[in-house]
Amino acid sequence: MHEVTPLSANWYHLSRYDFDLRLADGSWQRQTREAYDRGNGATILLYNRARRSVVLTRQFRLPAFLNGITSGQMIEAPAGLLDDDSPGDAIRREVAEETGYRIGDVEPVFDIFMSPGSVTERLHFFMAEYNPSDRPTNGGGADGENENIEVLEIGFERALAMVASGEIRDAKTILLLYHVRLRGIL
Ligand SMILES: Nc1nc2c(ncn2[C@@H]2O[C@H](COP(=O)(O)OP(=O)(O)O[C@H]3O[C@H](CO)[C@@H](O)[C@H](O)[C@@H]3O)[C@@H](O)[C@H]2O)c(=O)[nH]1
Ligand SMILES: [Mg+2]
């Protein structure tokens, strides 16, 4: 690494990296790339076998609005940044803040890069069964964060149809829905 140049350190960190990459033939190539570091995150699919349903959220996402989604509204699995928590603790916190449900054990699925060409984040995926009656609050997002999150309980088949129709366009959400189908859970 030759040089790291901070380009923006406002909410998260965007930096330019000047570095040498060793190629397959053993030679070195100088490269310049920008990378956006917003920490790591966690996401979860809450499902209920008896109801054959899942819990998703709907919220305004500026990047979606900027790129062709007129309403800016995105339907997504609950998710959040880890901050200083472990992935398991972080996802339990996010589920409570965003959806209001209290959940027991969560099952890890994988932790993967969502945009490895530009974003450093590793996103930890989980699944858990939710109990419709174990919901101490209505969720909606953390107080003071202006999240304005709407909580949706949707039939699993309907959620898959929404992927096909383009009503669900969020990668983490689609991965989780397909994973649950692949595993034969719903
Ligand atoms: N003021 C301000 N607030 C911001 C900014 N960027 C994010 N926030 C606020 O920071 C909070 C982040 O909420 P989380 O629930 O922790 O994260 P998230 O945005 O839902 O991110 C999740 O989804 C992403 C997209 O799929 C994932 O990339 C990420 O890992 C995580 O799972 C929200 O209240 C959001 O409004 C910013 O530039 N300025
Ligand atoms: Mg969130």
Side-chain angles (χ1 to χ4, degrees), residues 1-19 21 30-46 54-103 106 108-128 136-152 162-163 166-177:
M1 184 68 65
H2 288 286
E3 201 177 353
V4 181
T5 310
L7 301 177
S8 166
N10 183 38
W11 192 259
Y12 303 117
H13 295 261
L14 178 67
S15 305
R16 188 180 67 227
Y17 296 82
D18 293 286
F19 60 98
L21 180 70
R30 176 64 64 95
Q31 291 201 345
T32 299
R33 293 288 182 276
E34 293 180 7
Y36 190 44
D37 181 358
R38 58 197 305 273
N40 294 326
T43 185
I44 191 165
L45 191 65
L46 300 180
V54 294
V55 171
L56 300 175
T57 64
R58 178 157 49 205
Q59 63 190 300
F60 178 79
R61 293 293 199 180
L62 177 70
F65 173 77
L66 295 175
N67 196 14
I69 306 299
T70 312
S71 69
Q73 295 291 324
M74 290 290 283
I75 297 175
E76 302 177 29
L81 299 172
L82 301 187
D83 296 324
D84 291 326
D85 289 329
S86 69
D89 288 348
I91 200 57
R92 221 176 290 279
R93 180 199 68 215
E94 290 296 327
V95 165
E97 284 178 6
E98 296 190 354
T99 73
Y101 286 99
R102 182 163 47 203
I103 50 171
V106 296
V109 179
F110 36 52
D111 82 271
I112 56 178
F113 293 90
M114 300 298 283
S115 251
S118 55
V119 180
T120 62
E121 175 181 53
R122 293 169 76 129
L123 190 59
H124 297 258
F125 283 65
F126 294 93
M127 300 185 298
T137 75
N138 288 327
D143 290 343
E145 285 190 17
N146 290 320
E147 287 192 298
N148 299 310
I149 293 173
E150 197 183 330
V151 184
L152 313 171
M162 291 169 85
V163 175
E167 288 165 273
I168 293 178
R169 279 184 188 273
D170 175 59
K172 63 181 178 294
T173 310
I174 297 172
L175 279 167
L176 281 166
L177 290 169

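The structure presented is a predicted model; accordingly, all values stated were derived computationally and were not measured.
- The salt bridge (charged side-chain N to carboxylate O under 4.0 Å, His left out) test applied to R92 returns no partner, not counting sequence neighbours.
- Considering only residues two or more places apart in sequence or on other chains, S118 meets the side chain to side chain contact (heavy atoms under 4.5 Å, CB included) condition with S115.
- Rounding to the nearest 0.5 angstrom, the gap separating the CD atom in Q59 from the CD atom in E150 is 10.5 Å.
- When side chains are defined from C-beta on, D85 counts as touching R93, because their heavy atoms get closer than 4.5 Å.
- Closest non-hydrogen pair, V55 versus P78, comes out as O-CD, 3.7 Å.
- Side-chain atoms of L152 and V54, non-hydrogen and from C-beta on, never get closer than 4.5 Å to each other.
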Taking it one step at a time, do I168 and L56 satisfy side chain to side chain contact (heavy atoms under 4.5 Å, CB included)?
CA-CA 10 Å; I168 293 178; L56 300 175; 3.9 Å; yes
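- Of all heavy-atom pairs spanning P6 and S15, the tightest one is CA-OG, 4.1 Å.
- Between the N40 side chain and the R122 main chain, a donor and an acceptor come within less than 3.5 Å of each other.
- Here the closest heavy-atom approach between residue G88 and residue F126 is recorded as N-CZ, 3.9 Å.
- For T173 against I75, the heavy-atom pair with the smallest separation is OG1-O, 4.0 Å.
- For the atom pair OH of Y36 and OG1 of T120, the computed distance is 10.0 Å after rounding to the nearest 0.5 Å.
- The minimum heavy-atom distance between E147 and A142, with the atom names listed, is OE1-N, 3.0 Å.
- Here T137 contributes atom OG1 and E98 contributes atom CD; the two are 11.5 Å apart, rounded to the nearest 0.5 Å.
- At a threshold of 4.5 Å between non-hydrogen side-chain atoms, the residues E97 and I149 do not count as touching.
- A 6.0 Å sphere centred on CZ of R169 holds no more than 12 heavy atoms belonging to other residues, nucleotides or ligands.
- Considering only heavy atoms from C-beta on, I112 comes within 4.5 Å of L175 through its side chain.
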If you apply the rule side chain to side chain contact (heavy atoms under 4.5 Å, CB included), what do you find for Y17 with E3, and how did you get there?
CA-CA 6 Å; Y17 296 82; E3 201 177 353; over 6 Å; no
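- The CZ atom of R33 lies 10.5 Å from the CG atom of D18; values are rounded to the nearest 0.5 Å.
- Partners of T70 by side chain to side chain contact (heavy atoms under 4.5 Å, CB included), not counting sequence neighbours: none found.
- Under the 4.5 Å side-chain criterion, counting only non-hydrogen atoms from C-beta, V119 is not in contact with Y12.
- The number of heavy atoms from other shown groups lying within 6.0 Å of CZ (F65) does not exceed 12.
- Between atom CG of residue N148 and atom OG1 of residue T57 there is a gap of 12.0 Å, rounded to the nearest 0.5 Å.
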Could you walk me through whether L7 and E34 pass side chain to side chain contact (heavy atoms under 4.5 Å, CB included), step by step?
CA-CA 9 Å; L7 301 177; E34 293 180 7; 3.6 Å; yes
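- The structure places CD of E94 at 7.5 Å from CG of D83, a figure rounded to the nearest 0.5 Å.
- Using a 4.0 Å cut-off between charged nitrogen and carboxylate oxygen, D170 and R61 do not count as a salt-bridge pair.
- Side chains of E121 and F113 form no contact here, defined as non-hydrogen atoms less than 4.5 Å apart.
- The two residues I103 and A128 have their closest heavy-atom pair at CD1-CB, 4.4 Å.
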